[in-house]
Amino acid sequence: MTPALDLPFDISVSWPFDWSLGWPDWLSWPDAVVLPTWLEVVLRAVAVLLAFLVLPLLVGQTEHKVMAHMQGRLGPMYAGGFHGWAQLVADGVKFVQKEDITPARADRWVFRLAPAVALVPYLVALAAIPLSPSVVGAPVDAGVVLVLAVIGVGVIGTLMAGWASANKYSLLGAMRAAAQLVSYELPLVLAVASVALAAGTLSLVGIAEAWSPWWLLWQLPGAVVFLVAALAELQRPPFDMPLADSEIVFGAVTEYTGLRFAFFLLAEYAGIVVFSLLFAVLYLGGWAGPLESWLGWLWTLLKGFVVAVVVIWLRVSWPRLREDQLQRLAWVWLVPIALFQLALTAVGVVMTS
Amino acid sequence: MSGYLAVAAVLAAGVLLFVAAMGARRLLAPRAPSAAKASTYESGVDPVGEGWAQTKVRYFVFSFLYVIFAVDAIYLFPWALVLRSPEIGRSSLVEMFVFIAVIVLGLAHAARRGLLRWV
Amino acid sequence: MHLHYPAALAALLAGIGLYGVLARRNAVLVLIGVELVLNAANLLLVTVGSQPGSPLATGPVLTLFVITVAAAEVCIALAIVLVMFRRFGHVDLTAVPDLGDDHGDDDDRDDHDDARDGAGAVTPAAPASPTAATGARP
Amino acid sequence: MTGGLVIDVGALWPALFPLLGVVAVLVADLVSPRLRETPFVIAAVAAGFGAWTCLPGVLQTSGEVRTSFCLPSGWTVPAASGSGEAVGAAAAAGNCLWQADSLSSALQLAANLSALVVLLLAWPGRRARATDPGTTALSTPSPTSEPVQAVLLLAALSGTVVVAAARDIATWLVALELATLPVIALVALSGGRRAVAGAVQLLVTSLVSFALLALGAALWFAATGSPFLSGAAALGAQGAGVATGGVANAALLSLSVVLVVAGLGFKLSLVPFHAWTPTAYSGSSLPVAAFLATVSKIGALAGLLVFLRAVAALGTPGLVVVAVVAALSMTLGNVMALRQDDVVLLLAWSTVAQAGWVVLPLVSVSALGTSASATYLLTYVVATLVAFAVVALRAREVGVAARRLDAYEGLWRRTAWRAGALGLALTSLAGLPPGIVGLVGKVVALRPVVAEGWTWLTVVAAANAVLGVAVYLRWLRPVVTSVDTPDAGRSAPTVAVASRWGGPGRRGPLVAALVLTVAVLFVVSVQPDLLFGLLG
Amino acid sequence: MAVTLLLLVPLLTAVALLALPASVDGGRDGLTGAGRGVGLAALVATAVTALLAVVVVAGSMSVDLPWIRALGVRWHFAVDGLSAALVLLTALLTVAVVVHALAGRTPPGGSRATYLGCIVLVETGALATFLARDALLFFVAFEIVLVPMWVLVRRFGDEHVPDERRADAAGRFVLFTAFGSTLMLVGVLVLVNAAGTSDLDALAARAGALESGTQLTAAALLLAGLAVKVPVWPLHTWLPSAHTIAPTAGSVLLAAVLLKMGTYGIVRLPVASAPDGVATLSPALALLGVAGILWGGLACLVERDLKRLVAYSSVAHMGFVVLAVASGSETGLQAALFGNIAHGIVSALLFLVVGDLKERWGSADLGTARAALRDKAPRLGLALVVGLAAALGLPGLVTFWGEWLALYAAWSPAPDRPVGLLRSCVVAGAVGLALAAAYSLRVARIVWAGEGGDAAEGDAAEPVPDSRGWQWGVLVTLLVATVGLGVAPHLLLGISAQDVTTLLGVGR
């Protein structure tokens, strides 16, 4: 894969020595071993599920600690011993033991299914994001489209929850969430389209392979748009109007208790993971780095983790936006910037190809 | 193996996860329903009226805008695949600029007419 | 995969959609019925387009077009349904006044209503007027 | 760009001008959102230029085609599984997405001109309307609705223009909807409760219509494997019959034809798909109703012709569906029109009836049938526009009362020219001299029917010619009746409503619209050959 | 060029008259200067038209220009033996009608300009119909008369009847004839489609080549359509009401001109272009003709309204014409054409007289006892008696030849017609003549001799003003024509003989 930006002068970042010797033989996957399809599929699903259960917890724990330290406090210190590492596990156990209440006026089935609809899309999205060319849960060609599409489904979960709760605040929260999610989905999609345009492929692996350090500059507006839009998609502060507990109690999830509520929380952190990894793959070159073919997956995870920390950081440092400011930001700033980025990318591609 | 098979498997795994978690809850969580618990929670106040009373038309406007723009954005992805084509690359660039210009014009129109102004 | 299954699914979708269009009185449900029929058409297009020998990717491209038009249609439709709700207080299609024959009742000649709409029509996004919000339900 | 699309911009101007007009209006609106007349000026100029650029296409001899968006031959889609010779035949002109022969160009010209007339009818006044309770002197004036109207009108116009020249299902489908959707918004924007009722009816209709059309298009694609609406593609579907599944393909094709006829039947307001027509006409303002009655119908018929011409290659002996639908439309439309005392409703039901006449010649799927159908449509369009212009002028004087038949009591004595125009229009619609063009239109419409030997249909048509005469004479009667007190027609207590319902528009554009349409009607009545010359 | 002028002069006059604003045309009475100007203009125009008609007929002129190329319709007008007399009749009669109208008062309902404009427009349509030599052109011309005639009946109709009856009569007239002409159009299209041309001469020339099935279809459609206009029993029901309601000018034009368009059309189209079809249908035609004769005669015997009575007598007379056509022989066609003219003159005479009487009496009810006309208004009485005598077919008057020739022709028809049936029809037709004698004498006895019943008293006994001035001049002209052509029928028969022979010869 040739780099998309073919400059007249040659400034490719070359690492000081060649790390691409590859895995030691004993570490590499034996080519000869071909698993039966069903087994491979099951293994992949289990692996993705495991990652899905672990990574959000990591992010959550990081948030606890990072936020605490930024605010000059300690955060959880007791559960599990060392710096409260098992705090979230304990939370999970607690949630399971809580009584599950379905309000009397609720639309029962919709109410009960909503958490799953909110959560599962992120699982599927995670499956399609490659950590390296070979380490990917579900290798699909048009990965970008798939990830964007399933993320879009998440909003339905929130809407279902808000509508089925038969609660004024929930409905209002759901409306806000829906308006926000649809508004920010557009710049998100446009930014991703720009990257896809730059790479000339819809495959996430292909995009990451086409990445070169110059993209950091070339795709910067798009990256900013993506990050902001992703924050809004996650309904994280400063874009947490739909949940704003001081105004509308807890928005769409006001009526939820116990494990179902936990699912919504889990969905949020899974979302952070997904978007961080996606950002890493699209804008940071994914597994590009020293020992690429060997430790590529680690690079992706690390980059994603850094992005996640940024997301946490933003939560701590920004106040909540008002609903109308939020919408204006999307339509008046992000969409035009994303379109500008698109034009920039297109011109660049045509000039250089 | 098709990647989509894996996607389906992951989907199934997600559903299984949900079902399993609910099963665990059923085993572990207590059940003591009461009318007060099952009533709508509005910060301790008895619920009055319906939710739709607060619904604003504004939300619909954004959904309209989204539907239009998102569907337009769909066309950008196929474009990504042909932009490098020596035959129609450049003409597609021009076409897409016209396309984007029209979209921007529509957006500007909406903004100028005050559709994006909330208060 | 054999093409019969998607085709059968498309037929099923179209049938359900048509049933929805014909049997439902709620405007939104009719809209959903129409979407089902459109999806049947899309499915058919994609199915047929996936046959080898279509260098223009006609099937998927056509599907895109149909989706686009359907989206535009939904926008208009929802806007109209919204206005309908504000005007009539319901979205029941069978209860829309039929103006097709002037030998019917003349109750719908509401000129006051027309007057107010002169301003309302300018900005479709204007917040629901007090009468529409409170006095909507008959 | 060797090997790429061959785009001849010159052939596209009829559609490009309205689209450029849309852009120009939007830009003007960006600069100042409180414009009233400027958008209409821009729109009128756009429609005018659009009409002007149709002329080269109209003047080309029959058989010539102005093409654009031509695919290089290598990209031609093979017809489904075989019949290579059919593909070869199609390669000549069949792989252009835009093909405007003289018939298409004539329809485009008519659409542009009709839109121009509708614009004149809808022309806004200079001042803000006085009866608008929303704007007091102190509050900031809200953006005007005129730019929106102009944009919607032009958008629908461009859809109509494109559909006439579209030769592939994608363009065809998208253009048809582009011609329809803005009109729904126009109807909804043009009034109050009644307008919403009309818009809802129109909306449901066009939703269902689009669903059927999309399904029909998908079936066409499934049957032929080709996105082109060309005879070669249809032949390909049949030719494949020998090899595999040909019977199924033919069946698919006929199913597709039925769906498309039904879908476009909605747009043409053919019975039994007509129910929306009176409500929509009645609810919307006069110019919008005029638009529905003319430009929309042109678009629908253009779409139908594109499709049927492709099917015609199969040599289908004739479409019983079309015959039945035509007979029903004529009969029901006329019978219902006979009952109306409201001229807009009368025109609405007359549309239904005339739509029956329009599709009548299509029972013979031949060049004769298609051009006859277009001819009849054009005569109907011109006459209807004249009628609407007269009603608009009357509405300016007496307000909403202009919709009642008795508002035309003694029109002959008061304004003989206007009454003469209305008389010419009504007799044209009825097919009586002095509206010779209507008479000739009926001759033309009946010719293919007689040629194909549809005896029962001719009898139904003859009976409906009589019913139609009765319908339009009902309107003509008050016109020629003398009223001894000259002001009897104006006594309706609706002067307050007048400014709103009739619109605060100025008289000049209305008169211009009337003069323009009457001139056309008169010229083609004296020399119908001009009209036929248009259609090649 | 004269042919075009012949059509353009009345057309433009009519348009100008109709377009005159209400303020200029001088109102209904025409006493103002403008009103007189309008009347004079109409009179001059019709006179010029009549002059042109004479010139055209004398010179056998024609015009042939392309008109609607796409349909192959040509602007082809010409005069021949079949149409010459009708053209003259139309042009001259219109002058008479206009003179008569100017001499009397304009009926209420509208301005004088509109009234005259409609009359002249009807003339235009009739002339165009008689001159047209293209089937589709014929159809177009055929339709022109509808709207002005409708206006005449609807707007200027009898002021003494309620508005609904006027509307009913006018509407019935238009709808019946429109239906008939649409059927005719379909028939024309069948012919044109089969023969590939719409030129009447070419159609007639190719008649032999047509299949019998096509001929039958075309003939049936054409006969059915034209029968409405003639009118043939049982399609005549529009006629009595239209005649009764129409103003005098309208009645005269209807009876003397419009009905002729039907019979002329039958000769011109089906007989010429689908002879075999007509031959097949001739028994039915003959039977219907006879039915019309008898029905009209019987209706006249019991009818109380004088105008309706004359209208029914028209039905009877037209029955003779139809019978003559059904005979299929040369004599038959001659009889039909002659009967046409004869009826035109006589019905014009009768309608003028009856119209005047009705205007003077206020109604035309025979049941009302009135003073004898011979005493009170001898001129009108004379005209009425002569007209009635002509109606019963008295030898020496113009009608005699038409009816006698018709019966003669039906007695010895063309070889391919059913002789027995036609001869039975002749017998029935003779009965019809007897009926005509009966009702004519009835009217003469009641109106002329004043023997209606009890002695008239009150207003009805008052003398009616007699016909004077121009109106009397018109009546005299018609009287002269009635007697003159009755004495010298060969003047008329000679004109058409040649063309009838050609027509029948070509058709075989």
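Residue numbering restarts at 1 for every chain, and letters A, B, ... go by the order of the sequence lines.
- Between D:Ile184 and C:Ile80 the shortest side-chain heavy-atom distance falls below 4.5 Å.
- Taken from CG in C:Leu44 to CH2 in D:Trp220, the straight-line distance is 14.5 Å, to the nearest 0.5 Å.
- The two residues D:Ala211 and C:Val34 have their closest heavy-atom pair at CB-CG1, 4.0 Å.
- Within the model, atoms CG of C:Asn42 and CG of D:Leu215 stand 10.0 Å from one another, a figure rounded to the nearest 0.5 Å.
- In this structure, the portion of D:Leu173 lying under 4.5 Å from any heavy atom of chain C is its side chain and not its backbone.
- Here the straight-line distance linking atom CE of C:Met84 with atom CG of D:Leu203 works out to 9.5 Å at 0.5 Å rounding.
- Distance check, rounded to the nearest 0.5 Å: CG of D:Leu152 to CD1 of C:Ile76 gives 7.5 Å.
- If you measure heavy-atom distances from D:Leu213 to chain C, you find no contacts under 4.5 Å at all.
- No side-chain heavy atom of C:Val37 sits under 4.5 Å from any side-chain heavy atom of D:Phe210.
- Side-chain contact between C:Leu62 and D:Ile169 is present, with heavy atoms from C-beta onward closer than 4.5 Å.
- Across all non-hydrogen atoms, the minimal contact from D:Ala218 to C:Ala41 is CB-O, 3.6 Å.
- Looking at D:Val174, the atoms closer than 4.5 Å to chain C (heavy atoms on both sides) sit in the backbone and in the side chain alike.
- Of the atoms belonging to C:Ala14, it is side-chain heavy atoms, and not backbone ones, that fall under 4.5 Å from chain D.
- Here the closest heavy-atom approach between residue C:Leu38 and residue D:Ala214 is recorded as CD2-CB, 3.6 Å.
- We find the CD-OG1 distance between C:Glu73 and D:Thr180 to be 8.0 Å, quoted to the nearest 0.5 Å.
- Contact annotation for C:Val66: both backbone and side-chain heavy atoms come within less than 4.5 Å of a heavy atom of chain D.
- In this structure, no portion of D:Ala348 lies under 4.5 Å from any heavy atom of chain C.
- Listed by first then second residue, pairs satisfying salt bridge (Lys or Arg N to Asp or Glu O under 4.0 Å) with a partner in residues 172-190 of chain D read D:Glu177-D:Lys267, not counting sequence neighbours.
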